[in-house]
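Naming: A, B, ... by sequence-line order, numbering from 1 per chain. The analysis underlying the following values was restricted to heavy atoms, covering all of them including side chains, and did not include hydrogens, waters or symmetry mates.
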Amino acid sequence: MVHEFSLFLRSIFVDNMIFASFLGMCSYLAVSKNVKTSFGLGIAVTFVLVVTMPVNYLLQTKVLSEDGIFGIDLTYLAFILFIAVIAGITQLVEMLVERFFPALYSALGIFLPLIAVNCAIMGGSLFMQQRIGLDSTSSQYIGSLGDTFVYAFSSGIGWLMAIVLLAAIREKMAYTNVPRPLRGLGITFITVGLMAMAFMCFSGLNL
Amino acid sequence: MATNNKEAFVTPLSQNNPILMQVLGICSALAVTAKLEPAIVMGLSVTIILAFSNAIISIIRKSIPKRVRIIVQLVVVATLVTIVSLLLKAFMYDVSVQLSVYIGLIITNCILMGRLEAFAMSNKMVPSLLDGIGNGLGYAWILVVVGAIRELFGSGTLLDYRIIPESFYQFGYENNGMMMMPAMALIIVGCIVWVHRIINKDIVE
């Protein structure tokens, strides 16, 4: 339990997807213009991460690795299989949500197809693959399906928090006098840089 | 070279640069630029993958059904990325360790999907190939500039060759450790966007 808890806190604050490894930066910069839409996108990212990463974990440990059902090392197929799983599941989730939860669909619908090519989802799975091989005493270690769920959920929450924070700052920034060439993209980059610096203070946390 | 082809190659270098103007492919641009060498390797890998995937998709564009085109594009890109990743592991192992997951993330690099959707799906092969190379190089030069700045000020070297002489350190010069942090990458790219917009006044928002 202690390991799950420290993995949870670590993935939200220390290994935050945006500030520590820049995952999902494109949609992060493009969609963070107002708090409401960015909250929707954040929820969608968390949702897709929680659904796809455990599937990829099972694929990695039960099929692709040497102790899997084929008994040979197939990890060079990981890229293609992971992206196929992600694209397939997002499509499936989109159809299911449209059919059974129309209200949720109208909130998330436009984001779901975009998420298939969001680096945060693929990056999450690739980091998960890397962390399986870590030393089991490390707080980043992922050794079971439960750990994968925790990692996926907390990374998603970290991403959600980062995008809502940036959106809030950008809403306020609309009233400030930014130098003309820096308006829009330039100042957004610098804001994110300063936020990343603030988040660096968490890196001293010993979990 | 016909004007159309030339345009496809030249505009992405500055006017319609993928990073500065289209805001695509930021993730990897920031993450791999702590040193110059991985930045160059990453830029070249993306250029090669982008050129080939653009060409392949534009050859088969008429036989791809509209509804499944994203998956077809992803499979083509994923295959090319796997090839490049295995080649890097075989011939440049150290760099491939430094790049870690970011080589795999070329698959979801928005530049690829963006160019495939916007250009290769509706153009012939030769312009698509040139568009791929142009966008790849437009992406690569930003990476090289950011990588050079961060390595020069962060560790005083370029491509591991010492630029700032030892004597400076004896006088109390110190490397700026901040440059190696992820936060500085964002700020440097922000400053490049700033300079780029001062030079090209017509694109100011």
J.: With a 4.5 angstrom heavy-atom cut-off, could you sort out which part of L29(A) is near chain B: side chain, backbone, both or neither?
T.: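 Only the side chain of L29(A) comes within 4.5 Å of chain B.
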J.: What heavy-atom pair brings A183(B) and G193(A) nearest, and what distance separates the two atoms?
T.: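 In terms of heavy atoms, the two residues are closest at CB-O, 3.5 Å.
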J.: Please find the pair of heavy atoms, one from I83(A) and one from A78(B), that lie closest to each other, and give the distance.
T.: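 So the two residues come closest at CG2-CB, 4.1 Å.
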J.: Verify side chain to side chain contact (heavy atoms under 4.5 Å, CB included) between Y102(B) and L23(A), making sure each step is shown before the conclusion.
T.: CA-CA 10 Å; Y102(B) 292 97; L23(A) 296 177; 4.2 Å; yes
J.: What part of Q91(A) gets within 4.5 angstrom of chain B, counting heavy atoms only: side chain, backbone, both, or neither?
T.: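 Answer is side chain: those atoms of Q91(A) sit under 4.5 Å from chain B.
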J.: If I compare all heavy atoms of F189(A) with all of G190(B), which pair ends up nearest, and what's the gap?
T.: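 In terms of heavy atoms, the two residues are closest at CB-CA, 3.5 Å.
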J.: How about OH on Y141(A), more than 12 heavy atoms from neighbouring residues, nucleotides or ligands closer than 6.0 Å, or not?
T.: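 Above 12, so yes.
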J.: Examine whether an atom of A20(A) lies under 4.5 Å from a heavy atom of chain B, and if so say whether it belongs to the side chain, the backbone or both; otherwise answer neither.
T.: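 Just its backbone gets close to chain B.
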J.: To the nearest 0.5 angstrom, please state how far the OG1 atom of T90(A) sits from the CD1 atom of I71(B).
T.: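 The CD1 atom of I71(B) is 7.5 Å from OG1 of T90(A), to the nearest 0.5 Å.
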J.: Write down the atom of R183(A), the atom of R197(B), and the distance for their closest heavy-atom approach.
T.: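 Residues R183(A) and R197(B), closest heavy atoms: O-NH1, 3.8 Å.
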J.: Drop me the distance from I18(A)'s CD1 to L30(B)'s CG, to the nearest 0.5 angstrom.
T.: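 CG of L30(B) is found 10.0 Å from CD1 of I18(A).
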J.: Nearest 0.5 Å, what's the CG-CD1 distance between L105(B) and I121(A)?
T.: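 It comes to 11.5 Å.
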J.: Heavy-atom cut-off 4.5 Å, strictly under: side chain, backbone, both or neither for M200(A) against chain B?
T.: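 Answer is side chain: those atoms of M200(A) sit under 4.5 Å from chain B.
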J.: Once you round to the nearest 0.5 Å, how far does CG of L86(B) lie from CZ of F79(A)?
T.: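 These two atoms lie 8.0 Å from each other.
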J.: How long is the straight-line distance from CG of L186(B) back to CE of M25(A), given to the nearest 0.5 Å?
T.: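 Result: 4.5 Å between the selected atoms.
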J.: Distance from I107(B) atom CD1 to L126(A) atom CG, nearest 0.5 Å?
T.: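 Rounded to the nearest 0.5 Å, the CD1-CG separation comes out at 7.0 Å.
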J.: Could you look at T79(B) and say if it's the side chain, the backbone, both or neither that has a heavy atom under 4.5 Å from chain A?
T.: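 Contact with chain A is through both the backbone and side chain of T79(B).
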J.: In terms of heavy-atom proximity below 4.5 Å to chain B, should F19(A) be classed as side chain, backbone, both, or neither?
T.: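 Looking at F19(A), just its backbone touches chain B.
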